[in-house]
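Okay, so here's the structure we're looking at.
In listed order, ligands and their atoms are each counted from 1. The structure displayed is predicted, hence computed values, not measured ones. Hydrogens, waters and symmetry mates are skipped; everything else that's a heavy atom, side chains included, is used.
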Amino acid sequence: MSQPLISFSSRLRRTPFSRRVEAAGAKSYNIYNHTILATAYHSIEADYAHLKSAVQVWDVTCQKQVEIIGPDAQRLVQMTTPRDLAKMEDDQCYYIPMVDAQGAMLNDPVLNKLAEDRYWVSLADSDMLYYFKGLANGFGLEVKVFEPDVSPLAVQGPKADELIRRVFGQEIVDTRFFRHKPIIFQGQEMIIARSGWSLQGGFEIYLVGFENGEALWDTLFEAGADLDVHAGCPNLIERIESGLLSYGNDITLDHTPFEVGLGKYCNMDTATGCLGHGALLGKQNPSRQIRPVEIDGDPLSVAPQLWPLKNQSGESAGYISSAVWSPDFHTNVAIGMVNKDDWEPGTRLVVDTPEGTREARVRDEFWN
Ligand code: THG
């Protein structure tokens, strides 16, 4: 499908890596947190095969950080999430649902704790900086809330460990999942975490200092030449197979954490101080929930809209929010929001796609 061009302007922010991304031949872009994000280099199918077999470097600067520092930092972050932060350690990353006072999903960031009084919230695509500033002011909290000069660069794929070993050493490779360690690059302290928006394994380097971006990019490409390192980006096929949800696509303000399968990150038995706690207490048994759905037939083209689902009686059963053909699983893999009566694994459904109706089936697990 041919798509219109994006005309860039200063409102759409470039990144420390933009010149390298362009030189590497990015073919398509999206805008995420007001920032340019490549979405394909060769084709999403070719990028996908490479991601699953080698190692890629992703400019994910669009995962914008909000820094919260001060004596009330933990209290402020905790106001926005039902996940209990009391036992979070200074080197941990938590995937957290963020909700408003009604329990509606505002964002699903990765939270990095840097010190007792200091956090980076690594955002999905919504303007949480303003929400935090509003809460801090309204509650008279002793915190500073701002966007630091930090740009995440992800290193993803089965050979990511080897590339990171070469550049930063075995001690960094030994980092556990969702933990971070300090590194020094160009004399600047930064952090590196074992995390990233694929299930192929890897790290995220939180580049500090815009001016250090190209040196970091070049260092990784020089060290990884014989590992077939490529420029890459979050991959639509891999992320659906892996069940990685996308805020704005699969998750919106219309959902609770329980509906989008993030109930496991909600500590409802603790009085955490989350502003949505009371509202969420009554929403723990949702009448619809995210499910992996397999859609039969030929490869469907990607369509940026919700596709209605119906059950065998012809009644509405929910909708599909993301779908794509999977070359590895030889089927259309999809993420559905499915009504309770129809969400048992194995249930047959019918999807209204722009290419006509298709048979579909609810699965018990995502593919990866
Ligand atoms: N990394 C960083 N920031 C981010 C993302 C990221 N911000 C935007 C977006 N991605 C936020 N959304 C997600 C969604 C899923 C995961 C991370 C961020 C994720 N989930 C794993 C899973 O579901 O299997 C692990 C969760 C866990 O066990 O805690 O990784 O990717 N910096």
Side-chain angles (χ1 to χ4, degrees), residues 15 30-35 37 39 51 56-67 77 80-85 87-89 91-99 105-114 119-129 147-148 150-157 160 175-181 190-208 232-236 238-252 255 257 260-267 289-292 321-322 335 365-368:
T15 84
N30 203 315
I31 303 297
Y32 188 101
N33 283 325
H34 313 277
T35 304
L37 167 68
T39 53
L51 169 63
Q56 296 183 347
V57 173
W58 298 359
D59 174 8
V60 282
T61 301
C62 67
Q63 296 171 356
K64 283 285 169 186
Q65 309 300 301
V66 173
E67 178 162 339
V77 180
T80 67
T81 181
R83 185 161 179 185
D84 187 4
L85 305 179
K87 295 205 175 68
M88 189 175 190
E89 293 173 10
D91 67 341
Q92 272 190 296
C93 326
Y94 272 11
Y95 178 38
I96 56 171
M98 282 195 154
V99 298
M105 286 294 297
L106 296 173
N107 203 288
D108 67 329
V110 173
L111 175 67
N112 288 291
K113 183 171 183 178
L114 304 171
Y119 296 83
W120 282 345
V121 183
S122 186
L123 292 177
D125 191 17
S126 75
D127 293 323
M128 290 303 294
L129 177 70
E147 189 186 302
V150 173
S151 305
L153 187 67
V155 180
Q156 301 284 296
T175 307
R176 285 185 284 157
F177 186 63
F178 268 54
R179 299 269 173 168
H180 60 78
K181 285 189 175 159
M190 316 184 177
I191 64 167
I192 182 167
R194 188 179 279 284
S195 58
W197 213 55
S198 84
L199 290 197
Q200 302 310 309
F203 295 84
E204 291 180 296
I205 303 165
Y206 290 78
L207 174 85
V208 177
C233 51
N235 184 275
L236 179 67
E238 199 278 344
R239 77 100 180 159
I240 295 177
E241 290 177 356
S242 299
L244 294 169
L245 306 180
S246 168
Y247 191 84
N249 288 316
D250 312 307
I251 307 177
T252 72
H255 299 124
V260 295
L262 300 182
K264 58 185 177 241
Y265 303 114
C266 297
N267 298 107
Q289 200 169 54
I290 290 265
R291 285 289 182 275
S321 52
S322 297
I335 297 175
E365 283 182 314
F366 282 93
W367 290 264
N368 283 333

Report summary line: Nearest heavy-atom contact between Arg194 and Thr175 is NE-O, 2.9 Å
Query raised in the report: Can you name the nearest heavy-atom pair linking Val150 to Pro152, along with the distance?
Result: O-CD, 4.0 Å
Report summary line: In terms of its nearest heavy atom to atom 30 (O) of ligand 1, the top option of Trp197, Phe178, Trp58 is Phe178
Query raised in the report: Is there a heavy atom of Ser195 sitting under 4.0 angstrom from any atom of ligand 1?
Result: no
Query raised in the report: Any luck finding a side-chain donor-acceptor pair between Asp59 and Thr15 under 3.5 Å?
Result: yes
Report summary line: The protein heavy atom nearest to atom 24 (O) of ligand 1 is Leu199 CD2, 4.1 Å
Query raised in the report: Side chain or backbone of Leu244 under 4.0 Å from ligand 1, or both, or neither, by non-hydrogen atoms?
Result: side chain
Query raised in the report: Where is the nearest protein heavy atom to atom 28 (O) of ligand 1: which residue, which atom, and how far?
Result: Tyr265 OH, 3.6 Å
**Report entry** Option set Ser246, Cys62, Ala154, Ser122, criterion heavy-atom distance to atom 3 (N) of ligand 1, minimum
**Finding:** Ser122
Query raised in the report: Which atoms from ligand 1 have a heavy atom of Ala124 less than 4.0 Å away?
Result: 7 (N), 8 (C)
Query raised in the report: Which atoms from ligand 1 have a heavy atom of Glu204 less than 4.0 Å away?
Result: 1 (N), 2 (C), 6 (C), 31 (O), 32 (N)
Query raised in the report: What are the two closest heavy atoms between Gln156 and Ser198, and how far apart are they?
Result: OE1-OG, 2.8 Å
Query raised in the report: Are the ring centres of Tyr95 and Tyr265 closer than 6.0 Å?
Result: yes
Query - Shortest protein contact, atom 17 (C) of ligand 1 (heavy atom only) - result: Val110 CG2, 3.8 Å
Query raised in the report: What residue and heavy atom of the protein are closest to atom 25 (C) of ligand 1, and at what distance?
Result: Phe177 CZ, 3.8 Å
Requested in this report: Indicate the ring-plane relationship of Tyr206 and Trp120, choosing parallel, tilted or perpendicular according to the 30° and 60° boundaries.
Outcome: tilted
Report summary line: Residue, atom and distance of the protein heavy atom nearest atom 15 (C) of ligand 1 read Tyr95 CZ, 3.5 Å
Query - side-chain contact (heavy atoms from CB on, under 4.5 Å) between Arg239 and Ile335, intermediate numbers included - result: CA-CA 10 Å; Arg239 77 100 180 159; Ile335 297 175; 3.5 Å; yes
Query raised in the report: Which ligand 1 atoms does Tyr206 reach within 4.0 Å, using its non-hydrogen atoms?
Result: 32 (N)
Query raised in the report: When you check the side-chain N and O atoms of Thr39 and Asn30, is any donor under 3.5 Å from an acceptor?
Result: no
Requested in this report: Ignoring hydrogens and angles, state whether a donor on the side chain of His255 or Asp250 is under 3.5 Å from an acceptor on the partner side chain.
Outcome: no
Query - Shortest protein contact, atom 11 (C) of ligand 1 (heavy atom only) - result: Asp108 O, 3.0 Å
Report summary line: Counting from 1 in the order shown, the ligand 1 atoms closer than 4.0 Å to a non-hydrogen atom of Leu123 are 7 (N), 8 (C)
Report summary line: When distances are taken from atom 4 (C) of ligand 1, the protein heavy atom at minimum range is Gln63 CD, 3.4 Å
Report task. Any atoms of ligand 1 less than 4.0 Å from a non-hydrogen atom of Tyr32? List them with their elements. Result -> 8 (C), 9 (C)
Query raised in the report: How does Trp120 reach ligand 1, if at all, at less than 4.0 Å between non-hydrogen atoms: by side chain, backbone, both, or neither?
Result: neither
Query - Evaluation steps, side-chain contact (heavy atoms from CB on, under 4.5 Å), between Ile192 and Val155 - result: CA-CA 10 Å; Ile192 182 167; Val155 180; over 6 Å; no
Report task. Going by the side chain to side chain contact (heavy atoms under 4.5 Å, CB included) test, name the single residue among Met98, Lys64, Met128 that passes it with Val121. Result -> Met98
